[in-house]
Trainee: 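To start, I am sharing the structure in question, which I have written as C-alpha cells.
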Amino acid sequence: MKDNQHLAQYVNTLGQDLLRRFGERIHKVSIDAGFSCPNRDGTLGTGGCSFCNNDSFVPEHGEEPSVQAQVHTGLEAVVRVTGARKVLAYFQAYTNTYAETALLRQLYEEALTLPAVVGISVGTRPDCVPDQVLDLLQEIQNNGYLVWLELGLQSAFDSTLQAINRGHGFASYQEAIERAHQRQLKVCTHLIVGLPGETPAHALRSLQQVVHLGVEGLKIHPLHVVKNTRLAYEWRQGQYLPWTQEQYIDCAVEMIRQTPAEVVFHRITGTASRDILLAPSWCEHKWPIINGITQRMAALGARQGDQTHNGASPALCFFRTDGLSR
C-alpha cells in the first residue's frame with residue numbers, strides 16, 4: 001500500500017482526519033454483511049443501477065464469513081502492510097441499512113465489540129435511512145464511537161438518476177441528509193464523475209448542491225464499465241463513451257478546489273478488477289490517478305478549497321440544472 005502523505009498536502013484525506021482524531025493511523029476494513037438492495041430485489045426494481053454488476057458482489061464460495069471474522073482478516077492485513085492496529089469497520093456491499101433495525105444493531109455491534117474497531121462507516125442509499133436507523137446510528141455515536149453515514153447519490157440531476165435506473169431522486173437525498181444532521185451524524189456523499197450524458201459542469205454542479213447542504217465527507221470516482229451491466233450494453237452499442245484519464249483528473253482537481261477545506265475526502269478515485277472491467281482500462285489501477293491529481297495540484301499551486309471564496313466558481317455560473325431543490 002502506498003502512502004497518501006503527498007496527496008494530503010493538497011487534500012483533506014480521511015487518513016489524515018483519522019490521524020488527527022485518534023493520534024494514530026486508522027484504516028478502513030470492508031465488510032459484506034449479506035445485505036441486498038431495494039433496486040434489485042423487486043421493491044423498487046430488479047435490474048439495479050445501470051452500472052452495477054450484481055455478480056461482483058456475490059461471494060464465490062458460499063456465504064460470507066461473519067462480521068467479526070471479516071474484521072479480523074482485514075485487521076491482520078492492515079497490521080501486516082501498514083503497522084496500524086486500529087480500524088474503522090466499513091459496511092460496504094449493497095445497502096447496509098436495508099434490514100430490520102434489530103438485525104442492523106446486531107451486525108453493527110458485532111463489529112464494535114472488537115477492541116481494534118474505533119467506529120463504523122455505513123454505506124447506503126438516501127431512500128433507505130428511516131428515522132429508527134438514524135436513531136440507532138446516533139446512539140452508537142453517543143456511546144463514543146466514530147460514525148459515518150455514506151449516502152450514494154452519484155448525481156444531483158434527476159434526469160441522470162432516472163437514466164441510470166437509480167430508483168430515487170435528489171429530493172430523497174436532501175431529505176435524508178437533513179434528518180441525519182438533526183442527529184449530528186456525519187455524512188459522506190458518493191458522486192460518480194462521467195455518468196452518461198454528463199459533462200464536467202454537471203459534476204461540479206452536483207458537488208455544489210451537496211456542499212450547499214453541508215456535507216462532511218465526499219467520495220468521487222470515475223464511471224467504469226463492467227461486465228453484465230446495462231451500461232456495458234450501451235458501451236458496446238456506442239451509446240456511452242468513457243472519459244479519458246486526463247479528463248477525469250482535470251475534473252477531479254477542479255472538484256477538490258471547489259470543496260471547502262474542512263470536508264473530508266474518503267476517496268478521489270475508484271477501480272474495478274481486471275476480470276470484470278471493460279472500459280476504460282485506466283480504471284484498473286488507482287495510483288496513477290492519485291499521483292496524477294497530486295501532481296496537477298502541485299503544478300497549479302492549488303489546495304482543496306482554494307476556489308470556494310466568493311460563492312460559486314465562475315465555471316458554474318452559466319450552467320442550470322433540472323429537478324433540483326434550491
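From a predicted model like this one, the values you see are computed outputs, not experimental measurements. These values consider heavy atoms only, across backbone and side chains, with no hydrogens, waters or symmetry-generated copies.
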Trainee: Using the salt bridge (charged side-chain N to carboxylate O under 4.0 Å, His left out) rule, take Arg105 and Glu139 through it: C-alpha gap first, then chi angles, then the decisive distance, then the call.
Mentor: CA-CA 10 Å; Arg105 179 185 293 276; Glu139 177 187 333; 2.9 Å; yes

Trainee: Closest approach of Gly119 and Tyr145, non-hydrogen atoms and distance?
Mentor: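 Residues Gly119 and Tyr145, closest heavy atoms: CA-CB, 4.2 Å.
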
Trainee: Return yes if a side-chain donor-acceptor contact under 3.5 Å exists between Gln92 and Ser30, otherwise no.
Mentor: yes

Trainee: Under a 3.5 Å threshold, yes or no: a donor from one side chain and an acceptor from the other, between Gln304 and Thr259?
Mentor: no

Trainee: Going only through I, L, V, M, F, W and Y residues with side-chain contacts under 4.5 Å, is there a path from Val210 to Trp148?
Mentor: no

Trainee: With distance as the sole criterion, is a donor-acceptor pair present between the side chains of Tyr173 and Gln209 under 3.5 Å?
Mentor: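 The criterion, which ignores hydrogens and geometry beyond distance, is not satisfied for Gln209 and Tyr173.
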
Trainee: Go through it in stages, so that I can follow the logic: the residues are Gln154 and Thr160, the test is side chain to side chain donor-acceptor pair (under 3.5 Å), and I'd like the CA-CA distance, side-chain angles, deciding distance and then a yes or no.
Mentor: CA-CA 9 Å; Gln154 320 314 350; Thr160 298; over 6 Å; no

Trainee: For Val87, run the side-chain contact (heavy atoms from CB on, under 4.5 Å) check against Val79, Val118, Val71 and tell me which one passes.
Mentor: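 Exactly one pass, corresponding to Val71.
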
Trainee: Would you say that Pro200 contacts Asp250 through its side chain, given a criterion of any heavy-atom pair below 4.5 Å between the two side chains?
Mentor: no

Trainee: Inspect the contact between Lys28 and Glu150 and indicate whether a charged nitrogen and a carboxylate oxygen are less than 4.0 angstrom apart.
Mentor: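 Between Lys28 and Glu150 there is a salt bridge, with a charged N closer than 4.0 Å to a carboxylate O.
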
Trainee: Under a plain distance cut-off of 3.5 Å, with no hydrogens placed, do Ser273 and Glu284 share a side-chain donor-acceptor pair?
Mentor: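 Checked: Glu284/Ser273 side chains show no N/O donor-acceptor pair below 3.5 Å.
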
Trainee: Side chain to side chain contact (heavy atoms under 4.5 Å, CB included) between Leu231 and Tyr240: does it pass, once the steps are laid out?
Mentor: CA-CA 8 Å; Leu231 183 64; Tyr240 173 69; 3.9 Å; yes

Trainee: Show the nearest heavy-atom pair for residues Cys283 and Leu277, with the distance to one decimal.
Mentor: C-CD2, 3.9 Å

Trainee: Does the distance from a Lys or Arg side-chain N to an Asp or Glu carboxylate O, for Arg296 and Glu246, drop under 4.0 Å?
Mentor: yes

Trainee: Between Gln258 and Thr308, do the side chains contain an N or O donor and an N or O acceptor separated by less than 3.5 Å?
Mentor: no

Trainee: I want to know whether Phe157 and His202 have ring centres closer than 6.0 Å.
Mentor: yes

Trainee: Any salt bridge between Glu76 and Arg80, counting N to O under 4.0 Å?
Mentor: no

Trainee: Quick one: do the Ser155 and Glu198 side chains pair a donor with an acceptor below 3.5 Å?
Mentor: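 A donor-acceptor contact under 3.5 Å links the two side chains.
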
Trainee: Give me the atom names and distance for the closest heavy-atom approach of Ala111 to Val117.
Mentor: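 Shortest heavy-atom separation between Ala111 and Val117 comes out as O-CG2, 3.3 Å.
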
Trainee: Start with the C-alpha gap between Asp135 and Arg179, add the side-chain angles, then the distance that decides, and say whether salt bridge (charged side-chain N to carboxylate O under 4.0 Å, His left out) holds.
Mentor: CA-CA 10 Å; Asp135 290 342; Arg179 289 188 293 110; over 6 Å; no

Trainee: Just checking, is any N or O donor in the side chain of Asn12 or Arg20 under 3.5 Å from an acceptor N or O on the other one?
Mentor: yes

Trainee: Minimum heavy-atom separation for Ala272 and His224, please, with both atom names.
Mentor: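 Smallest interatomic distance, heavy atoms only, reads CB-CD2, 3.7 Å.
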
Trainee: Do Leu151 and Leu88 belong together in a cluster built from hydrophobic side chains that touch within less than 4.5 Å?
Mentor: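 Looking at the clustering, Leu88 is in a separate group from Leu151.
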
Trainee: Can you tell me how far the CG atom of Asn291 sits from the CG atom of Leu7, to the nearest 0.5 Å?
Mentor: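 Asn291 atom CG to Leu7 atom CG measures 9.0 Å (nearest 0.5 Å).
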
Trainee: Can you see whether Glu216 engages His181 through a side-chain donor-acceptor pair at a distance of less than 3.5 angstrom?
Mentor: yes

Trainee: Are Gln247 and Thr244 close enough that some pair of their side-chain heavy atoms sits under 4.5 Å apart?
Mentor: yes

